[in-house]
Amino acid sequence: MASALRHASVERWSRGSSPLHRVDARAKLIALLVFLTAVATTSKHAPWIYAAFFVLLGSAIFLARLPVMAMLARAALVLPFSAVFAAMTWWAGDFPTAAVLVAKSFLSILAALTLAASTPWVRLLDALAFLRVPRPLLLVIQFLARYLFVVGNQVAHMRLAAQARGGIGKSSLSGFHAAAGAVGVLFARSWERADGIYKAMLARGFTGRFPAPQVAPFLARDVAFLCAAVFVTVAVRFAL
Amino acid sequence: MKPETENVIDVRGLRYRYPDGTLALDGIDFRLHAGECAAVFGANGSGKTTFVMHLNGLLRGEGSIEVCGLRIDGSAKADTLAAVRARVGLVFQNSEEQLFMPTVLADVAFGVANMGLSSENAARKAKEALEQVGMAGAAEKAPYHLSAGEKRRVAIAGVLAMQPDILVLDEPTTSLDPPGQRELLQLLRRLPQAKILVTHDVDFAAALAARAVFFERGRIAGDGEIHSIIEQFHWSRGSE
């Protein structure tokens with residue numbers, strides 16, 4: 001059901017073919033870590049550095065041919081959380097810290113989103129494995145990503161079934177009750193589904209370890225991207 | 001492949017009780033020759049799926065089960081279970097549960113890799129199995145982007161790659177449209193393995209199997225030529 005996969009647009013973007021998509025996931029991941037470190041350690045008294053970081057990220061989004069407005073909208077999901085802390089800080093009389101809090105969280109999430117939207121998540125998992133991220137954590141990420149679709153489809157089916165019988169109206173109390181019940185059923189169904197998946201894994205001889213990923217060669221293009229990204233990020237962080 | 005007269009499955013006096021005390025299987029005797037195809041009929045809750053779950057050690061009851069000469073009982077060691085699971089390819093009713101790896105190729109290679117093959121050999125066997133089911137073109141796709149029929153074929157490839165002697169298919173026609181069912185029928189006809197079809201789809205079963213067993217409240221109430229079983233238990237849509 002296509003409507004059920006609306007939440008999957010980042011995954012769809014990640015299968016693009018722009019120059020940024022073609023760069024090795026490991027190079028992009030390391031560049032992201034350098035960028036996040038630079039953003040996190042930038043002083044609150046240098047607003048132009050934040051502006052430069054936005055320009056840098058903007059060029060990456062442009063290079064990846066990603067939809068700018070949709071990317072900004074998704075990154076803005078983090079704002080309600082950081083805005084609460086920012087508001088409290090502003091209230092305490094420290095406007096620069098409040099502004100920087102919002103800028104840092106927005107830049108960080110936008111950068112992570114740019115990586116996720118320009119890298120198929122299979123490659124991203126391989127890159128995380130290459131950087132020695134603990135295996136249990138990788139498994140959790142792998143299953144989380146995979147079953148977002150399964151649970152998402154389940155939600156879409158349940159919503160349709162509720163709508164077909166006149167449930168889940170426009171934020172009425174009865175709609176809230178229906179939604180609360182649906183969450184319970186969704187949990188039970190996801191639990192059953194998880195049990196089924198585990199049996200299917202055992203049936204094909206699963207012993208608790210996943211096969212190791214195949215490692216693709218690191219090309220000159222990837223080295224060039226990594227050097228350029230790190231150089232520009234560090235230059236912005238220290239030179240401006 | 002085993003000689004055609006040899007029993008690849010030999011079940012005697014199998015009893016299984018669910019943890020809540022319900023008796024699900026009450027003295028099952030069942031044998032299957034190499035290359036033979038048998039349909040398993042019966043009402044919902046009659047014990048069909050519980051029975052096939054025993055055939056590769058996912059459930060363990062009382063009684064004796066031998067698969068290709070390997071005995072599965074309470075004391076079966078992990079390597080015996082692994083050998084049994086390599087010989088019995090279990091295709092689940094819900095393909096969604098069987099496909100959990102990030103790409104079609106990785107999913108099909110999962111079982112083979114668990115058998116201890118190197119990642120290159122596992123990938124080669126997975127590609128061969130995908131070719132066998134006509135899905136070679138989907139190797140790099142994510143499993144959740146496939147149609148129901150394609151998912152079913154990939155799930156079958158996942159067990160074919162392990163080169164089993166027996167295929168057990170639980171409700172293989174569920175959610176398949178008529179062309180999908182036709183393709184599945186043609187595919188299964190081409191496969192030389194012994195097959196057990198657990199199904200409510202009488203026409204599909206009769207097109208593939210010469211023999212049927214009928215489950216009733218955890219027992220085998222009938223075992224014989226498929227059309228006479230259908231007639232004896234009034235098991236077709238047209239039966240009075």
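Quick caveat: nothing in here was measured; it's all calculated off a predicted structure. Lettering of chains follows the sequences in order, A, B, ..., and the numbering in each one begins at 1.
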Mind listing the side-chain donor-acceptor pairs of residues 107-115 of chain A below 3.5 Å, one per line with the distance, residues two or more places apart or on another chain?
{"residue": "A:Ser108", "atom": "OG", "partner": "A:Lys104", "partner atom": "O", "Å": "2.7"}
{"residue": "A:Thr114", "atom": "OG1", "partner": "A:Leu110", "partner atom": "O", "Å": "2.6"}

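Contact annotation for B:Asp107: both backbone and side-chain heavy atoms come within less than 4.5 Å of a heavy atom of chain A. Using a 4.5 Å cut-off between heavy atoms, B:Met53 touches chain A through its side chain atoms alone.
No donor-acceptor distance shorter than 3.5 angstrom exists from the side chain of B:Arg60 to the backbone of B:Tyr16, with no hydrogens or angles considered. With hydrogens and angles ignored, the 3.5 Å screen pairs a side-chain donor or acceptor of B:Lys195 with a backbone N or O of B:Leu191.
For the set B:Asn56, B:Thr103, B:Leu58, the count of heavy-atom pairs under 4.5 angstrom toward chain A peaks at B:Leu58.
Aromatic rings from B:Phe215 and B:Phe41 are positioned such that their centres are separated by 6.0 Å or more.
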